[in-house]
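Side-chain atoms are counted along with the backbone in the values below, which use heavy atoms only and exclude waters and symmetry mates.
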Amino acid sequence: MFGRLRSRSAAFVHDLLMVPAAWMGAIWLRFNLEAVPEVYLNRTLAVLPLVMLIQGAVFWYFGLYRGVWRFASIPDLLRILRAIVVGVCLIALVLFLVTRMQDLPRSVFPLYALLLVLLLGGPRLLYRWIKDRSLYESPGRTTLVVGAGRAGEMLVRDLLRNPAFGYRPVGFIDDDQAKKGREIHGVRVVGNVTKIPRLVERLRVDFVLIAIPSANSRQMRRIVEFCERAGVPMKTLPGIKDLPSGRAGLGALREIHIEDLLGREPVSLDWSAIAEGITARTVLVTGGGGSIGAELCRQIARLEPARVVIFDASELNLYQVDRELRHAWPELELHALLGDVCDPVALEQAFSRFRPALVLHAAAYKHVPMLEHQARQAVRNNVLGTRRTVAAAVRHGCETFVLISTDKAVNPGNVMGASKRLAEVFCQNMNAQVNGTRFITVRFGNVLDSAGSVVPLFREQIARGGPVTVTHPEVKRYFMTIPEACQLILQAASVGQGGEVFVLDMGEPVNISYLARQMILLAGKTPGVDVSITFTGLRPGEKLFEELFHPSEALRQSSHEKLLLARFREVDWARFEQGLNGLERACDAGDENEIRRMLATLVPEFSAASAREDKVIPIERARQ
C-alpha cells in the first residue's frame with residue numbers, strides 16, 4: 001500500500017510541476033519564443049500559484065492517479081483531456097473575476113492547454129513504451145503465434161504483460177497474405193503456416209501457440225502437421241464454444257486433444273423440435289450410466305423434462321451419473337434405477353411406475369472380440385434385452401422408442417454386429433405391428449473417448465511407455481464426439497415418423513495407425529523412438545473397414561443435413577418371431593452353436609465364412 005501511495009504522490013508531483021512549465025511556455029509561445037514584455041511576464045508569474053492550485057485540484061478530482069503509468073492507454077488520455085479542459089475553463093473564469101484579464105493575453109489559455117496535454121500525456125506513453133520494449137527483449141521461450149486475428153492479438157497482449165509465464169512472441173503466422181509484414185503490439189506477421197518449419201529454424205522458436213478458435217479439424221490437422229515437421233511443441237486456444245467468457249488469454253491455453261484433429265464442423269440442430277418431444281415429459285434412458293447414455297441424460301436435463309429415469313445394470317456407473325446430474329441440475333426430478341434389460345420384472349416395475357413418453361435404448365454389450373466367443377451373452381443382452389424393453393414400452397403407452405445401434409450392424413462380420421443388426425430388424429418391423437409407438441433406429445460409428453473405445457486405450461498405453469497396439473496398418477474407423485452423437489440421436493427422435501433407420505453422417509473414416517501416431521506426438525513423444533507402434537493382427541470378428549449402410553438400404557437425405565435415412569427391409573413377421581423364440585430357447589439352453597446358427601439364419605449378411613475371410617488378411621499384403 002505504501003508503494004502505491006508513493007507512486008500516486010510522485011505522479012501528482014510530476015503533473016503539478018508540468019503546470020508552471022506549460023503556463024510559462026504558453027506566454028513564451030505567445031510572443032513567438034522571444035523576450036516577454038515585463039508587464040506580461042510579471043502578471044503571468046503573479047497568477048501562477050492560483051493556476052497551480054486550481055489545476056492540481058481538478059487533476060485530483062478527475063482521478064488521474066487511479067491508473068498505472070505502466071498501462072497508460074486511451075482512457076487515461078481522455079481523462080487527462082477532460083481534466084485540462086475543465087481546469088482551463090475554471091482558471092480563465094477565476095482570473096477574469098480577479099484581474100479582469102488585465103495584462104494577460106487570451107491566447108495563453110489554448111496554448112497552455114495544448115502544452116499541458118503534451119507534458120502530461122507524453123511522459124506516460126513514453127514510460128509505457130520503455131516498459132513494453134523491455135518485454136520484447138525479456139528472456140523466455142521464443143514463441144510463434146498462429147493466427148493474427150482478434151484471438152491472436154488478445155493472446156499476445158497477455159504474453160507481453162505477463163513475462164513470468166515464459167513465452168516471448170517473436171512472430172505471427174497467418175495464411176492471410178494481406179496481413180503479411182504487419183505488426184500487432186510490435187510483433188510482426190512473418191509468414192503462413194507452410195513456413196513454420198523454416199521460421200522455427202531461423203528464429204530458433206521453442207514453442208507454437210495456436211490462436212484460431214474458429215479453426216475446424218482439417219485446418220487444425222494442417223497446422224499440427226507443419227508444427228510436427230518442425231519438431232516444436234504446441235498449445236492451442238479452445239474452440240469458440242468452449243472459450244471461457246470469449247477471453248482468448250493465457251488462462252485459456254491448453255494441450256491439443258485428439259478431438260481437435262478428428263472432430264468436425266459444429267452440428268446445427270433444431271433445438272425447438274427436440275425440446276418439443278422432451279420438455280415436460282418423462283424420459284427413460286437404458287444404459288444411462290455408459291458413455292453415450294450419460295451424455296444423453298446431460299443433454300436431456302438441459303431441456304427441462306418432467307423427469308429423467310436412468311436404468312443401468314452397473315451400480316458404479318449409475319451412482320456416478322446420478323451424482324453428477326443432481327449436482328448440475330438440482331431441480332431436476334431424477335430417478336436412478338439399478339436393473340438389467342434382460343430382467344422383465346425390473347423393466348415392468350420401471351415402466352409401470354414412470355410411464356415414459358420417450359425411451360432411449362442405449363443398453364448394449366459392444367466389445368467385439370469379447371463377444372465373439374460369448375454369443376449367448378451378446379444375443380441375450382442386445383437382442384432379447386431389446387425385445388423385452390420394447391414389450392414393456394408398448395404395454396405402457398410409450399410414444400417414441402429409439403434404438404441406438406452401430407455401424408458394425410452393417411454386413412456384420414462378428415457376433416456383436418449380428419446381434420445389433422437383429423435388434424435393428426426387430427425395431428424397424430415392430431413399428432408396423434403396433435399403434436401409438438414410433439420405433440426409430442439411429443446408427444453410427446465409433447465415438448471418441450467412449451468407454452472401451454480405442455482412444456482411452458491408446459492414452460493408457462502411451463502413459464505406460466508403449467507399445468501402442470494397432471491390429472492392422474490399414475484398419476479404418478468412423479469417429480465422432482460423444483456430444484455430437486447424442487445431439488443427433490435426439491434430433492432423429494424428433495424428426496422420425498417411425499420405422500426408419502437414421503444413419504449419422506460420420507464424415508471420412510480415420511486410419512487407426514494415424515490416430516495412434518498423432519496421440520503419441522500430442523503426448524510430446526516420438527513414434528518409434530519413445531513409444532513404439534505394434535501391429536498385432538486383426539482380432540476375432542474384426543473387419544478392416546466398417547460400413548454405415550447396406551447397399552440395399554438405398555440411403556437418402558433426411559430433413560437434417562447430418563442425418564441420412566436408410567430404407568428399412570421388411571421381413572415375414574410371423575417367421576421372424578418364430579426365429580426369435582427359437583433364439584431365446586437356445587439362450588436358455590446355453591447352446592452356443594445353435595445361437596450362432598440361428599444368428600446366421602436371421603441375419604443373412606452374417607456368416608462365419610465372411611468373418612474368417614477378414615481375419616486372415618495378412619499385414620504384409622495390406623502394407624503393399
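Centroid-to-centroid, the aromatic rings of F535 and H472 stay 6.0 Å apart or farther.
Put simply, the residue from L602, N382, T386 that forms a side chain to side chain contact (heavy atoms under 4.5 Å, CB included) with L422 is L602. Exactly one of I223, T236, L237 qualifies for a side chain to side chain contact (heavy atoms under 4.5 Å, CB included) with I212. That residue is I223.
The backbone N or O of A375 lies less than 3.5 Å from a partner atom in the side chain of E592, making a donor-acceptor pair. With hydrogens and angles ignored, the 3.5 Å screen pairs a side-chain donor or acceptor of S494 with a backbone N or O of Q491. Checked by atom type and distance alone, the side chain of D312 never pairs as donor or acceptor with a backbone atom of G339 at under 3.5 Å. Remark: side-chain polar atoms of E424 are not paired, donor with acceptor, to backbone N or O of A409 under 3.5 angstrom. With T437 contributing its side chain and C398 its backbone, the two residues share a donor-acceptor pair below 3.5 Å. With hydrogens and angles disregarded, a donor-acceptor distance shorter than 3.5 Å links the side chain of R376 to the backbone of C587. A donor-acceptor contact shorter than 3.5 Å links the side chain of T286 to the backbone of A363.
For R464, the CZ atom sits in a packed shell: over 12 heavy atoms of surrounding residues, nucleotides or ligands are nearer than 6.0 Å. Residue Q433 qualifies as enclosed at atom CD: its count of foreign heavy atoms under 6.0 Å is above 12.
Here F576 pairs with W573 under the ring-ring contact (aromatic ring centres under 6.0 Å, His included) rule; sequence neighbours left out. F439 is linked by a ring-ring contact (aromatic ring centres under 6.0 Å, His included) to F401, counting only residues two or more places apart in sequence or in another chain. For Y365, there are no ring-ring contact (aromatic ring centres under 6.0 Å, His included) partners two or more places apart in sequence or in a different chain.
Between S214 and Q219, the shortest heavy-atom distance links the atoms O-OE1, 4.2 Å.
In this structure, I310 CD1 and L360 CG are separated by 12.0 Å, a value rounded to the nearest 0.5 Å.
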Worksheet entry | T469/Q461 under side-chain hydrogen bond (donor to acceptor under 3.5 Å, both in side chains): CA gap, chis, key distance, verdict | CA-CA 8 Å; T469 55; Q461 290 175 335; 2.8 Å; yes
